[in-house]
Amino acid sequence: MSNIKPEDFFKNIISHSKEYGFIFPSSEIYDNGLSAVYDYGQLGAELKKNIRDYWWKAMVQMNENIVGIDSAIFMHPTTWKASGHVDAFNDPLIDNKDSKKRYRADVLIEEHVAKIEDKINKEVEKAAKRFENFDAAMFKSTNARVKEYQDKIDAINERFKTALNANNLDEVKQIIVDLEIVCPISGTKNWTDVRQFNLMFNTSTGAVTDETNIIYLRPETAQGIFVNYLNVQKTGRMKLPFGIAQTGKAFRNEIVARQFIFRMREFEQMEMQFFVKPGTEMEWYEYWKQTRLKWHLSLGLGAEKYRFHDHLKLAHYANAAADIEHQFPFGFKELEGIHSRTDFDLKQHEQFSGKKLQYFDPELNASYVPYVVETSVGLDRLFLSILSSALKEESLEGGDTRTVLSLPPALAPYKAAVFPLVKKDGLPELAESIMKDLKFDFMMAYDEKDTVGKRYRRQDAIGTPFCITVDHQSLEDKTVTIRDRDTMKQDRVAIDKLHSILTEKTSLQSLLKTL
RNA sequence: GCGAAAGUAGCUCAAUUGGUAGAGCUCCAGCCUUCCAAGCUGGAGGUUGCGGGUUCGAGACCCGUCUUUCGCUCCA
């Protein structure tokens, strides 16, 4: 695989995903799909479910002080005012067709206003030199030229405010045209229409659509945890420090969604908000950085494929933030974020809801708003990181090649496949009975078509870690061969040992024990 | 969003200057087979992404549109 170029390798992953039923473009029969939306197929759904289960068990089952919830995608609209999402992502944008540069329309207009203000200041400076005992305020309110400038500014601001409040984007563009604002780079006035880019998708409740019942699709799952913080703390009798975990869909109206399932408009997050005593957040921040990295390393995809990236520029809610990055075929990219969110979110929700979201600390005999350390990982990105690391073209002795998906066995869609060596002499019947016993506890595949070598290759390509083959000896001594996907080596084992072998090698328990 | 390239069977790709849409692999039904793809026979699968246009005739040329990849841009 080393001689495959990264971009070709990436295309290889996309076609492999499609060919074997991991990922399909959404609504593909119409126009080749909906942009940047993908569906998980029969194998993809299994793999994704197993990844999610592993995360959930590592977080919730293995930590007595972490509990899981499942909050709704729809939330009260005020939630997003409190979180800052409504204000932060409502920018009117405009492009210059010649320079291809994009600007915020409001910034262009503000800059134009600032230029006029400069002119006023120059008039004031000039006048200040001419007169002693100069009164700037008096000058501004009486000088005809300055008053003209100021009237212009007021008119622009008033017109812009009206246009924005009416959400009249055509008028915003008309302002830019009327003011003859030019692009600083191309110097031309060749503008596109003004468009509103909002990060959040919205819809409305009830049959009648109006401003009052607009409702957003959540852009992150975290807020569902924050608004339930007190419910969980009280009903679960949780003591600090404790965590609330959740997995679920989130929606972001990305301007550009790209790179297969790496950046999608509809995606799944796995988040855990850890509530701690103020002042201890940096210890926990470090703890969760290391704990989460260990979790990723336990997948065995290679330690060199992971690294931390500490944020220098912090979001408004954070006092420390780092990403765990993974080396994708297109470079190191963010996989998981660990953020120290302070008490920003809970304080905001206190303020907007008017409800206290505090914790009574019996040791201090005092109440306070806890600090929060967040771990937030994209399930789809995790899926892509595992798939792209696992997919290999191997050269075998004799010049053969094989395609093998070296998934961590505990995450593989099928844990084992059962084959009769030949399709006669009672071998299929024995193979089917073995499979029927095992499928109560394991996802099993069965295949009797084509030569056994071909069947091994088919299972290699979808990541099945073990192939169990029934041969003529099996009829005599109740043993079968079990073949390892990665080494291609076979062992002969008793049929009644299969269950314990598969449990040991393919259960999530084996992974959890490494943490 | 801009620019470049691309879109033909499930996958990878062909199809002389515009002239009957093909191959390999895959898949399905059989045959043959005592352990690592590529043995035999037969079969399925396509309004060439979609919609217009030019032409006697378009997979190919023109326009629009959708989708993908790459580069910018964006991503509190």
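Predicted model, so just to flag it, every value in this text is computed and none were measured. Letters go in sequence order (proteins before strands), and every chain restarts at 1. Side chains included, hydrogens not; waters and symmetry mates left out as well; all remaining heavy atoms used.
The A:E19 side chain lies nearest to B:rC11 when the options are B:rC35, B:rC70, B:rC11. You'll find that the side chain of A:Q490 is closest to B:rC35, out of B:rU69, B:rC35, B:rA38. Comparing B:rA76, B:rC11, B:rA37 against the side chain of A:E220 picks out B:rA76 as the nearest.
For B:rG7 and B:rA15, the P atoms lie 11 Å apart once the distance is rounded to whole Å. The P atoms of B:rG71 and B:rC28 are separated by 38 Å, rounded to the nearest whole Å. For the P atoms, the distance linking B:rG51 with B:rU26 amounts to 33 Å, nearest Å. Using C1' as the reference atom, B:rA4 and B:rU41 are 49 Å apart when rounded to the nearest Å. The P atoms of B:rA21 and B:rG46 are separated by 15 Å, rounded to the nearest whole Å.
Proximity of the aromatic rings of A:Y38 and A:F260 is defined here by a centroid distance below 6.0 angstrom, and this criterion is met. Between A:F330 and A:F262, the ring center distance clears the sub-6.0 Å criterion. The aromatic ring centres of A:Y285 and A:H339 sit 6.0 Å or more apart.
Within the nucleic acid shown, A:Y20 has no heavy atom closer than 4.0 Å to any nucleic acid atom. Residue A:Q459 is classed as having no contact, given no heavy-atom separation below 4.0 Å to the nucleic acid. Heavy atoms of A:K18 sit under 4.0 angstrom from primed sugar atoms or phosphate atoms, though from no base atom. Using a 4.0 Å heavy-atom cutoff across all strands shown, A:A36 reaches sugar-phosphate atoms only and no base atom.
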